[in-house]
Amino acid sequence: MDVAHLAGGGAPLLGEPPAIELGNTSYAVRGRPQDGLRSVEHLAAWLRDMRPRLAVGLADADLHGVTEEDLRLARELRDAIRSLAASAVDDRAFDPDTVATLNRHAGRTTRWRELRTTPEPHTAECAAGRPVAAALAAVAENAVDVFGGPLRHQVRACQRPACLLFFVRDASRREWCSAGCGNRARAARHYAKVRRGSGG
């Protein structure tokens, strides 16, 4: 994982679809598993960093109202996304219970778009219920789109052994979640080759 891409809560942000970004809040540093959603503050920081990419509006006041229940639901959704991503990578059928969990999260809030006219005509995303719940439901809906459409065939696990991150492959030769992971993997291969060549 490229540490330069860490969000405020500590989780990496790699420019992936929001669902994959949430799944990647379980990551590794120097081969040791980390949880980017250890507290409500971490979830609030992740939502703040993701705010421009979510399909719902989140005000700063909304992020101060993140609850332990929001954190529990975010972790449950993350685990479902990681399970679906692992199944997609291995070309296995999705677990029905995991699919049910994802669908339950996607249906947690009602969302719609409205026309606004000031300062000029534009659309606004609206949601019934709490904004944080709406944001998590939007991430779940994104997961439905990722795993229910052609993108699921492009979901990959980073090939660097110590990395736990997923990504959506956007180039046929892409093997790593980030340039940082690719550089470390190439350096490790080079070092191993040099050691073999020197008899060490």
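- In this structure, the side chain of Arg51 engages the main chain of Leu58 through a donor-acceptor pair within 3.5 Å.
- Atoms CG and SG, on Leu164 and Cys177 in that order, are 9.5 Å from each other to the nearest 0.5 Å.
- Rounding to the nearest 0.5 angstrom, the gap separating the CH2 atom in Trp176 from the CD atom in Gln159 is 9.0 Å.
- Under the rule for a side chain to side chain donor-acceptor pair (under 3.5 Å), Gln34 has no partner lying at least two apart in sequence or in another chain.
- Listed by first and then second residue, the salt bridge (Lys or Arg N to Asp or Glu O under 4.0 Å) pairs that reach into residues 22-31 come to none, sequence neighbours excluded.
- Within the 3.5 Å criterion, the main-chain N or O of Gly23 finds a donor-acceptor partner in the side chain of Arg82.
- The NE2 atom of His42 sits 8.5 Å away from the CG atom of Asp35 when rounded to the nearest 0.5 Å.
- With sequence neighbours left out, Arg174 forms a side chain to side chain donor-acceptor pair (under 3.5 Å) with Glu16, Asp170.
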Intermediate values then yes/no, side chain to side chain contact (heavy atoms under 4.5 Å, CB included), Val155 and Phe147: CA-CA 9 Å; Val155 173; Phe147 297 112; 4.2 Å; yes

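- When each of Asp62, Leu22, Val139, Val132 is tested with Leu47 by the rule side chain to side chain contact (heavy atoms under 4.5 Å, CB included), just one qualifies, namely Val132.
- Of the possible donor and acceptor atoms, one in the side chain of Asn142 sits under 3.5 Å from a partner among the backbone N and O of Ala19.
- No donor-acceptor distance shorter than 3.5 angstrom exists from the side chain of Glu68 to the backbone of Val40, with no hydrogens or angles considered.
- Applying the side chain to side chain donor-acceptor pair (under 3.5 Å) criterion to Asp70, with sequence neighbours excluded, gives Thr67, Arg130.
- Side-chain contact check for Val99 versus Leu84: some heavy-atom pair is nearer than 4.5 Å.
- Taken to the nearest 0.5 Å, the CG atom of Leu43 stands 11.0 Å off from the CZ atom of Arg48.
- From Arg78, atom CZ reaches atom CG of Leu71 across 8.5 Å, with rounding to the nearest 0.5 Å.
- The backbone N or O of Asp91 sits nowhere less than 3.5 Å from a side-chain atom of Arg152 that would complete a donor-acceptor pair.
- Legend: salt bridge (Lys or Arg N to Asp or Glu O under 4.0 Å) pairs involving residues 92-106, not counting sequence neighbours, sorted by first then second residue: Glu76-Arg104, Asp90-Arg92.
- By the 4.0 Å N-to-carboxylate-O rule, Arg173 lies too far from Glu175 to be salt-bridged with it.
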CA sep, side-chain torsions, deciding dist, call: His105, Leu136, side chain to side chain contact (heavy atoms under 4.5 Å, CB included): CA-CA 7 Å; His105 279 273; Leu136 292 175; 5.6 Å; no

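- A distance-only check finds no donor-acceptor pair linking the side chain of Ser83 to the backbone of Asp79 [under 3.5 Å].
- Shown here are the side chain to side chain donor-acceptor pair (under 3.5 Å) partners of Asp145, two or more places apart in sequence or in another chain: there are none.
- Considering CZ of Arg160 and OG of Ser178, their distance stands at 7.5 Å, rounded to 0.5 Å.
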